[in-house]
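Reminder, nothing fancy here: chain letters follow the sequence lines and each chain counts from 1. No experiment lies behind these values; they were computed from the predicted model shown.
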There are 2 protein chains.
Amino acid sequence: MPSVTIRDVAKEAGVSTATVSYVLNDSRRVGGETRERVRQAALRLGYRANITARNLQASETRLIGYSWRPTPTEQFNPIVDKFLQSIAEAAARHDYRILAFPSMDVHQELSAYEEMMLIGQVDGFILTNTNFDDERVLALVSNHFPFVSFGRANQDWDFLWIDVDGAAGVLEATRHLVSQGHLRIAFLAWPEKSQTGHYRLQGYLNGMEEAGLAVDTEWIQLAGNFYEESYAATQRLLALPLEHRPSAVIASSDLMALGVLNAAWNGGLEVGRDMAVIGFDDAPIARYMRPALTSLAQPVDKIGDQLVSTLIDELNGQPIGERQVLMQPTLVVRASSATPYSDRS
Amino acid sequence: MPSVTIRDVAKEAGVSTATVSYVLNDSRRVGGETRERVRQAALRLGYRANITARNLQASETRLIGYSWRPTPTEQFNPIVDKFLQSIAEAAARHDYRILAFPSMDVHQELSAYEEMMLIGQVDGFILTNTNFDDERVLALVSNHFPFVSFGRANQDWDFLWIDVDGAAGVLEATRHLVSQGHLRIAFLAWPEKSQTGHYRLQGYLNGMEEAGLAVDTEWIQLAGNFYEESYAATQRLLALPLEHRPSAVIASSDLMALGVLNAAWNGGLEVGRDMAVIGFDDAPIARYMRPALTSLAQPVDKIGDQLVSTLIDELNGQPIGERQVLMQPTLVVRASSATPYSDRS
DNA sequence: AGGCATAATTTAAACGTTTAACAATGGTTT
DNA sequence: AAACCATTGTTAAACGTTTAAATTATGCCT
């Protein structure tokens, strides 16, 4: 409360406030003796420049806004905290901070962005869960407000984004299964309108084609990002006649893979031997599932890092190297897919 | 960038900036006709008051600092994102925002707090993972800086905190097991120095005493908050001679309970029938474990809500109703402990 | 008509910095 | 000796609000 201002320091050192500012910020030559006197005075009084005043004068906030959609209780988002941590640390390295605001629905979220933009609460945004026709992207682009996005939107929109190459990841997963001897591989997909889901599905299709395996239409099951739907979808897969029944399942998320695991177990199958399962995200629990789940890990730290530094370059008007970046997920092989499979059909 | 200021509005409406401020903030009577003119002008220009300037003048930031320790990859913290969401939403309702900064080690964290305090980056803090002799609490208290804590510290320190009554929770869990017919109940504890772990252990001891059951020293196993240690501890429990071997295990966290589940299964036991297991936190995955895990749910939303409103009351110099609050966890009974147990020893 | 309370509006200071422009000083060059 | 330059310091404006105090306008009462 009794905070000490630059004026107090100036008085204490017997100089003007300008001199104090110059000394403390090293922004101009100052005589050696004066410099020392100012430093001593500042130290003695425990002076630290008030950040609000500094921000006002610089017309910036050194704050980056980040909002996310709360995860429903029956789901889990395994990377939200890791992601937040990574952007916050990266930001701190550049002397920026993260302002976190969750937002319920899309409209509330959009108006939150607009409000914060107008009142100058943040210098830029980091978006996540970006999708086709994303209103936020439209709004920010048309306002020329700086932002970066974790996730792509429409192909022909030019803005700064980084995404995980889901197609490449699932392609690798498919190859892995094929190399283990699997011929009938199923895929649990997200709804049509999900961009991310779309790419992951595409990776599966590419992998099957590459291996010269025909895809039974029954093998592609829509299951939202829900455990229950995933469980039910697996039951449908297991109910297929033997020669059509898949011996491996790739799920679009670890939560869904968990549904597969449990459905298979309850159906009397031993995953890892009778059936292979692969998830996506490499959630912390993946390694503790029974059996331990093979999954695709996203390089969350790297993504956070690069998102932040790209945004900050943009804020400083520096040229951006790559305006769009695809990062490769890595397949973490565990017991759920580690046993070679010899077809018994 | 070409942001419109209060001066622009004043000019547009042909009045002074003071009048504009009065109208827009409704902080003083203004003539009906003028009021309307100002409103129109503000609307026409799309004016929104700059928040940094407002904050400087009010010498506040309307920001609440929140820091957390990153969870190691082999662990998971099931409530960190839910908690963040709940405080951010509660804060938004009062027109405050959350500034999130993770911090690696204790010392870095402390200096981050001090720095932010001095430069006036936030109006107050929300602490988590508070523990005995917590340096942060000491520092903030001695600087008279406003903060609230999720978690207790030393008994005789007077500061604002809310905590979950771990003892009551585990007591309830113990009673539940006793009522299911269990006589030999084990407890997987956190290290000595953990305050939270201490209370949870105490709840177990109380429950056993209340039921008149002697506690075998082997039944209390220290296992950090780690899966592996928990798994190993369970193996030790299962290796006990039959008449000493516990038929139920309470773990101090869901992660640990998962270790128990897997160790029991690999040891040939069917949890839910041969053995009961209870966790703590009611993580999203608890319901999807095999078998579904009974666990103690923390009222995270309520806690976040009340932490924020208490802090804001403190910031506004309002009297605080309860300076210390214990909230009750609720036992969510699932398959892992739902089958009555008839002792066969 | 003068006095006076009340209402409406403006002026100007304040919040705490940074920084462009200016002034003083002393030394060097022509 | 005058002009010039480099160095060091100060003055004052600016960032965009809010608000206490001063000023002006309005209506009412005697």
Side-chain angles (χ1 to χ4, degrees), chain A residues 1-39 41-42 45-63 95 115-123, chain B residues 1-39 41-42 45-63 95 115-123:
Chain A
M1 317 270 174
S3 83
V4 25
T5 79
I6 199 173
R7 250 177 282 273
D8 300 325
V9 179
K11 188 169 296 176
E12 176 85 5
V15 297
S16 72
T17 65
T19 303
V20 175
S21 177
Y22 290 138
V23 169
L24 267 30
N25 295 316
D26 233 354
S27 47
R28 233 177 71 172
R29 298 195 51 130
V30 172
E33 197 252 354
T34 323
R35 165 188 312 265
E36 202 44 41
R37 222 170 49 231
V38 169
R39 286 217 176 114
L45 300 181
Y47 169 77
R48 308 256 43 211
N50 176 287
I51 199 169
T52 307
R54 171 176 284 173
N55 287 342
L56 175 60
Q57 133 76 31
S59 34
E60 63 176 13
T61 64
R62 300 196 83 83
L63 252 34
D95 252 294
E115 177 75 3
M116 297 179 84
M117 202 163 73
L118 283 171
I119 66 182
Q121 179 130 53
V122 298
D123 292 345
Chain B
M1 316 269 173
S3 82
V4 26
T5 79
I6 199 173
R7 250 177 282 272
D8 300 325
V9 178
K11 189 169 295 175
E12 175 85 6
V15 296
S16 73
T17 65
T19 304
V20 175
S21 177
Y22 290 138
V23 169
L24 266 30
N25 296 316
D26 233 355
S27 46
R28 193 124 124 200
R29 296 194 52 132
V30 172
E33 197 252 353
T34 321
R35 164 186 313 264
E36 203 44 42
R37 222 170 49 231
V38 169
R39 288 218 175 113
L45 300 181
Y47 169 77
R48 308 257 42 210
N50 176 286
I51 200 170
T52 307
R54 172 177 283 172
N55 286 343
L56 175 60
Q57 134 75 32
S59 33
E60 63 177 12
T61 64
R62 299 195 85 82
L63 289 177
D95 251 293
E115 178 74 3
M116 298 179 84
M117 202 163 73
L118 283 172
I119 66 182
Q121 180 132 52
V122 299
D123 292 345

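Within the structure, every pair that satisfies the salt bridge (Lys or Arg N to Asp or Glu O under 4.0 Å) test and touches residues 51-62 of chain B, not counting sequence neighbours, is listed here: Glu60(B)-Arg62(B). A salt bridge (Lys or Arg N to Asp or Glu O under 4.0 Å) check over residues 6-25 of chain A, counting only residues at least two apart or in different chains, returns the pairs Glu12(A)-Arg44(A).
For Arg35(B), the side-chain contact (heavy atoms from CB on, under 4.5 Å) criterion is met by Val23(B), Asp26(B), Val30(B), Arg39(B), not counting sequence neighbours. Scanning for side-chain contact (heavy atoms from CB on, under 4.5 Å) contacts around Thr61(B) gives Thr52(A), Leu63(B), Asp123(B), with sequence neighbours left out. Every side-chain contact (heavy atoms from CB on, under 4.5 Å) that Ser27(A) has, sequence neighbours left out, goes to Tyr22(A), Asn25(A). By the side-chain contact (heavy atoms from CB on, under 4.5 Å) test, Glu115(A) is found to be paired with Ile119(A), Arg48(B), residues two or more places apart in sequence or in another chain being considered. Considering only residues two or more places apart in sequence or on other chains, Ser59(A) meets the side chain to side chain donor-acceptor pair (under 3.5 Å) condition with none of them. Annotation: side chain to side chain donor-acceptor pair (under 3.5 Å) contacts of Glu36(B) (sequence neighbours excluded): Gln40(B).
Checking the phosphate oxygens (OP1, OP2) of dT10(C), a side-chain nitrogen or oxygen of Thr19(B) falls inside 4.0 Å.
Rotation axes derived from the C1' atoms of the five outermost pairs at either end of the helix from dA1(C)-dT30(D) to dT30(C)-dA1(D) lie 70° apart, to the nearest 10°.
Nearest heavy-atom pair across Val38(B) and Val9(B) is O-CG1, 4.3 Å. Tyr47(B) and Val4(B) make their closest contact through CD1-O, 3.2 Å (heavy atoms, listed as atom of the first residue, atom of the second, distance).
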Dump every N/O contact between nucleotides 6-8 of chain C and the protein below 3.5 Å, one line per pair.
from	atom 1	to	atom 2	distance (Å)
dA8(C)	OP2	Arg29(B)	NE	2.9

For nucleotides 14-18 of chain D, which of its nitrogen or oxygen atoms have a protein nitrogen or oxygen under 3.5 Å away, and what is each distance?
from	atom 1	to	atom 2	distance (Å)
dC15(D)	O2	Gln57(A)	N	3.4
dG16(D)	N2	Ala53(B)	O	3.4
dT17(D)	OP1	Tyr47(B)	OH	3.3
dT17(D)	OP1	Asn50(B)	N	3.0
dT17(D)	OP2	Ile6(B)	N	2.6
dT17(D)	O5'	Tyr47(B)	OH	2.9
dT17(D)	O5'	Asn50(B)	N	3.4
dT18(D)	OP1	Asn25(B)	ND2	3.0
dT18(D)	OP1	Arg54(B)	NE	3.0
dT18(D)	OP1	Arg54(B)	NH2	2.8
dT18(D)	OP2	Ser21(B)	OG	2.9
dT18(D)	OP2	Asn25(B)	ND2	3.4
dT18(D)	O3'	Gln57(B)	NE2	3.4
dT18(D)	O2	Gln57(B)	OE1	3.4

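In this structure, CD of Glu33(B) is placed 16 Å from P of dA25(D), rounded to the nearest angstrom.
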